[in-house]
Amino acid sequence: YFQKLFEKLNLGPGGSVTLIRRDGRLIARYPFLKSDFDRDMSNSATFRHFAAALQGSFEGTSSYGIKRLYTYRHIGSLPLVLSVALSVDEIYSNWWRKAVIVATILVVLCGATVALCLLFRRELLRRIAAESALVEAADKLSVIAATDGLTGLANRRAFDVGLRVEWKRAIRTETPIALLMVDVDYFKPYNDGYGHQKGDHALQ
């Protein structure tokens, strides 16, 4: 009766169901082996766990060398103990399959994140380089706009800007301001004699 009842349970490879007396004598077991009937298990490590408490769970190795998770219970006032054991490898196999799938997804997501970070970094460096180039070009243009191309001296635009700044400063600080105009005498003969380029360099 017990053998037919136990065979209906799906415990997977390495699983077992055992009905044992409290004195250690085995009554029924699945998977069934004729040599197990009325076998004395009182000296086994698993039976010592059965005798230690009315119910519980523990992990141990069977006499056949299979590592199992045992769950047992004493059946009421009867001198019987029922034990159900599942193979640890079978328990972990489902977990490992799920863990591998989750780990694969995480690795793919991490790889995608790293790739996106590298692309973002490259685009950020390009933007910084472009902004630096624009700033440099703007500085050059501001210098060109305020400098006479022939002499390299400040032009009328720079003069107007400088005069406006000094005028506002004089008003703000209530200090006098002066403008000095210098006319170089006899400079035309110098230009005529040495050329306008020499004259421009002399002015610098």
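As the structure is a prediction and not an experimental result, all values here were calculated from the model. The figures here come from the full heavy-atom set of this structure, side chains too, leaving out hydrogens, waters and symmetry mates.
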Asker: Please walk me through it: do L179 and W167 pass side chain to side chain contact (heavy atoms under 4.5 Å, CB included)?
Answerer: CA-CA 11 Å; L179 176 63; W167 185 266; over 6 Å; no

Asker: Taking all non-hydrogen atoms of both residues, which atom of R157 and which atom of A145 are closest, and how far apart?
Answerer: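 Result for this residue pair: CD-O, 3.3 Å.
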
Asker: Is V88 reachable from W96 through a run of hydrophobic residues whose side-chain heavy atoms are each under 4.5 Å from the next?
Answerer: yes

Asker: Does R25 come within less than 4.0 Å of D23, counting only side-chain N to carboxylate O?
Answerer: no

Asker: Grab the two heavy atoms, one from A85 and one from R68, that are nearest each other, plus how far apart they are.
Answerer: CB-CD, 3.5 Å

Asker: If you measure from the Lys or Arg side-chain nitrogens to the Asp or Glu carboxylate oxygens, is any gap between D160 and R156 under 4.0 Å?
Answerer: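 Looking at D160 and R156, the cut-off is met.
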
Asker: Does T18 reach the side chain of F47, with side-chain heavy atoms less than 4.5 Å apart?
Answerer: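 The answer is no; the side chains never approach within 4.5 Å.
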
Asker: Rounded to the nearest 0.5 Å, how far does CD1 of I20 lie from OG of S44?
Answerer: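 It is 6.0 Å, given to the nearest 0.5 Å.
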
Asker: Looking at every non-hydrogen atom in both residues, tell me the closest pair between T175 and T173 and how far apart they are.
Answerer: OG1-OG1, 2.9 Å

Asker: Do the side chain of Y72 and the main chain of H49 share a donor and acceptor less than 3.5 angstrom apart?
Answerer: yes

Asker: If two hydrophobic side chains count as joined below 4.5 Å and joins carry through other members, does F159 share a cluster with V161?
Answerer: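 In one cluster: no.
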
Asker: Below 4.5 Å, heavy atoms only, C-beta onward: do F58 and T46 meet side chain to side chain?
Answerer: yes

Asker: Taking the side chain as every heavy atom from C-beta outward, state whether V143 and D139 have any pair of such atoms under 4.5 Å apart.
Answerer: no

Asker: Tell me if a side-chain donor or acceptor on H74 pairs with a main-chain N or O of F50 at a distance below 3.5 Å.
Answerer: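 Yes; judged by distance alone, with no hydrogens or angles, the pair exists.
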
Asker: State, with a plain yes or no, whether a side-chain heavy atom of V17 is found less than 4.5 Å away from one of L5.
Answerer: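 Counting from C-beta outward, V17 and L5 never come under 4.5 Å.
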
Asker: To the nearest 0.5 angstrom, please state how far the CG atom of L82 sits from the CD atom of Q55.
Answerer: 12.0 Å

Asker: To the nearest 0.5 Å, tell me how far L118 CG sits from T113 OG1.
Answerer: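 Going from CG on L118 over to OG1 on T113, the span is 11.0 Å.
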
Asker: Any non-hydrogen side-chain atom of V81 less than 4.5 Å from a side-chain atom of R73?
Answerer: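 Answer no - side chains too far apart.
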
Asker: Identify whether L109 and I101 are in the same connected component of the hydrophobic contact network (ILVMFWY, side-chain heavy atoms under 4.5 Å).
Answerer: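 In one cluster: yes.
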
Asker: Can you get from I75 to F6 by hopping between Ile, Leu, Val, Met, Phe, Trp and Tyr side chains that sit under 4.5 Å apart?
Answerer: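 Yes, it is one cluster - the side chains of I75 and F6 are joined through contacts under 4.5 Å.
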
Asker: How about R121 and L125: do any of their side-chain heavy atoms sit closer than 4.5 Å?
Answerer: yes

Asker: On a heavy-atom basis, which atom in R29 and which in S16 lie closest, and how many Å separate them?
Answerer: NH2-CB, 4.2 Å

Asker: If you group Ile, Leu, Val, Met, Phe, Trp and Tyr by side-chain heavy-atom gaps below 4.5 Å, do V108 and V102 land in one group?
Answerer: no

Asker: Let me confirm one number: the CG-CD1 distance from N155 to I144, rounded to the nearest 0.5 Å.
Answerer: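 Reported to 0.5 Å precision, the distance equals 11.5 Å.
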
Asker: Test of understanding: with side-chain contact (heavy atoms from CB on, under 4.5 Å), list the residues that count as partners of E166, not counting sequence neighbours.
Answerer: R169, I177

Asker: Answer yes or no: is there an ion pair linking K140 with E136, defined by an N-O contact shorter than 4.0 Å?
Answerer: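 A salt bridge links K140 with E136.
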
Asker: So, does R22 use its side chain to make a donor-acceptor pair with the main chain of L78 at under 3.5 Å?
Answerer: yes

